[in-house]
2 protein chains.
Amino acid sequence: MPRRWMAGPPWLYERLHGCGYRYTLPREAVLQVLTQTPEHLSAEDIYFLVHARYPQIGLTTVYRTLDLLVRMGIVVKFDFGDGRARFELAAHSGGKSHHHHLICTLCGRVIDYSDFLEKEKELLQTTQKGLSEKYNFEITDHLIQFYGKCQQCKNAEKQAERR
Amino acid sequence: MPRRWMAGPPWLYERLHGCGYRYTLPREAVLQVLTQTPEHLSAEDIYFLVHARYPQIGLTTVYRTLDLLVRMGIVVKFDFGDGRARFELAAHSGGKSHHHHLICTLCGRVIDYSDFLEKEKELLQTTQKGLSEKYNFEITDHLIQFYGKCQQCKNAEKQAERR
DNA sequence: TCCTTATTGAAAATAGTTTCCATTTTCATT
DNA sequence: AATGAAAATGGAAACTATTTTCAATAAGGA
Ligand SMILES: [Mn+2]
Ligand SMILES: [Mn+2]
Ligand SMILES: [Zn+2]
Ligand SMILES: [Zn+2]
């Protein structure tokens with residue numbers, strides 16, 4: 001494995017070492033892919049992109065690396081309901097800032113949105129406070145997703161009707 | 001297969017026939033299990049419960065039946081992130097009324113809650129309207145879930161610390 | 001009752017992810 | 001720079017929830 005020291009973001013080395021982990025090429029490569037694409041990549045997507053430059057890196061290691069990065073809070077894992085996990089760089093690690101997702105149930109397209117976050121935050125605070133009091137449940141995370149039909153699929157549907 | 005006609009709710013027969021489907025023992029049995037347990041059962045859970053009374057009914061059929069009931073809107077399918085789907089009777093079919101879920105990330109326990117629904121509805125309406133205008137996305141469904149630590153797991157944690 | 005067709009059950013297939021384990025690599029210590 | 005203990009890797013095999021296949025069976029209209 002070629003040793004190209006610290007071609008990745010400098011904080012990665014610090015971050016890994018701070019947690020007692022080692023700085024390795026697969027970790028750098030996976031993070032690089034996540035940094036360069038704003039899309040919601042699956043483990044396999046990431047594997048292909050990593051593999052294009054570093055053919056020796058295996059799918060297993062990509063899975064392991066993603067798991068590590070998620071546990072370290074550098075990467076966020078999503079489930080859009082199509083049976084494969086999706087990964088996105090966390091906001092504070094250079095990813096897109098706080099947002100939620102619109103998911104087309106017809107074509108699987110995912111749209112990031114960050115409108116109405118103030119209103120959302122309001123609900124979340126009220127709800128979190130109320131629920132933690134009522135159920136003594138300590139809320140650490142939340143998931144808000146909208147499902148529906150995207151513009152493209154609506155158009156395609158109209159086309160089909162017209163014929 | 002013993003024929004015990006319509007031991008299930010009378011509307012099931014109508015509902016199935018209305019859609020061109022047949023009234024069968026597996027369909028009745030699966031629905032019965034879902035009616036009798038308010039929990040969030042997996043397909044396998046349901047299979048075991050169905051199987052206890054009707055050993056000839058197979059897991060495949062349980063999956064198929066659940067899929068059918070979900071498509072008909074009689075049953076709702078959830079994903080709590082543990083890799084297996086969960087099923088719950090839809091509100092208008094005799095299930096619990098509209099609610100969301102608190103999920104303990106330590107023990108997997110799921111708590112139903114239906115507080116703050118007014119505030120939630122408010123957010124949903126604002127968001128749905130705004131997003132459908134901005135992205136021309138037609139929202140048909142939403143998912144709101146909270147993750148965290150349940151009371152029992154918090155207590156267990158304290159116990160562990162104390163020793 | 002008869003006949004068409006939907007439904008079923010068992011086995012095999014699928015697909016994403018995880019585990020196993022022998023080999024390689026990292027990096028703190030010499 | 002060399003050493004060595006521990007961490008990390010990659011490929012194969014295992015795992016697990018779910019789906020597909022297909023021959024046999026059952027539902028229900030005629
Ligand atoms: Mn996103
Ligand atoms: Mn519920
Ligand atoms: Zn679409
Ligand atoms: Zn718990």
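Quick note on labels: first sequence line is chain A, next is B, and so on, each numbered from 1. The model shown is predicted, which means the values in this text are computed figures rather than measured ones.
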Would you mind telling me which of [options] lies closest to the side-chain atoms of [X]?
X       : options                : answer
A/Thr24 : C/dT26, D/dG28, D/dT18 : C/dT26
B/Ala43 : C/dT8, D/dT18, C/dA15  : D/dT18
A/Pro26 : D/dG10, D/dG28, D/dT18 : D/dG10
B/Ala85 : D/dT18, D/dG28, D/dT20 : D/dT18
A/Ile57 : C/dG9, D/dG10, D/dA8   : D/dG10
B/Tyr23 : C/dG9, D/dT9, D/dG28   : D/dG28
A/Arg22 : D/dG28, D/dA6, C/dG9   : D/dA6
A/His17 : C/dC27, D/dG10, C/dT7  : C/dC27

[X] has an atom [atom1]; how far is it from atom [atom2] of [N], in whole Å?
X       : N      : atom1 : atom2 : value
B/Tyr54 : D/dA26 : OH    : P     : 16 Å
B/Arg27 : D/dA26 : CZ    : P     : 15 Å
A/Leu66 : D/dA8  : CG    : C1'   : 15 Å
A/Asp82 : C/dT17 : CG    : C1'   : 14 Å
A/Leu59 : C/dT19 : CG    : P     : 14 Å
A/Asp45 : C/dG16 : CG    : P     : 10 Å
A/Glu28 : D/dA8  : CD    : P     : 16 Å
A/Ile46 : C/dG16 : CD1   : P     : 14 Å

Closest nucleotide of DNA chain D for A/Thr65 versus for B/Tyr63: which of these residues is on the 5' side?
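Residue closer to the 5' terminus by nearest nucleotide: A/Thr65.
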Identify whether the distance between the nearest side-chain nitrogen and carboxylate oxygen of [X] and [Y] falls below 4.0 Å.
X        : Y        : answer
A/Asp112 : A/Lys96  : yes
B/Lys134 : A/Asp115 : yes
B/Glu157 : B/Lys149 : yes

Any N/O donor-acceptor pair, B/Thr60 side-chain to C/dA11 base, under 3.5 Å
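It does, because a donor-acceptor pair links the side chain of B/Thr60 to the base of C/dA11 below 3.5 Å.
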Once you apply a heavy-atom cut-off of 4.0 Å, does A/Arg64 come out as touching a base, just sugar-phosphate, or nothing?
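Counting heavy atoms under 4.0 Å across all strands, the contact made by A/Arg64 includes a base.
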Between B/Glu88 and B/His40: side-chain donor-acceptor atoms closer than 3.5 Å
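Looking only at side-chain atoms, B/His40 and B/Glu88 do form a donor-acceptor pair, the distance falling under 3.5 Å.
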Can you check whether B/His92 and B/His98 have ring centres sitting under 6.0 Å from each other?
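Judged by ring-centre distance (under 6.0 Å), B/His92 and B/His98 do not meet the cut-off.
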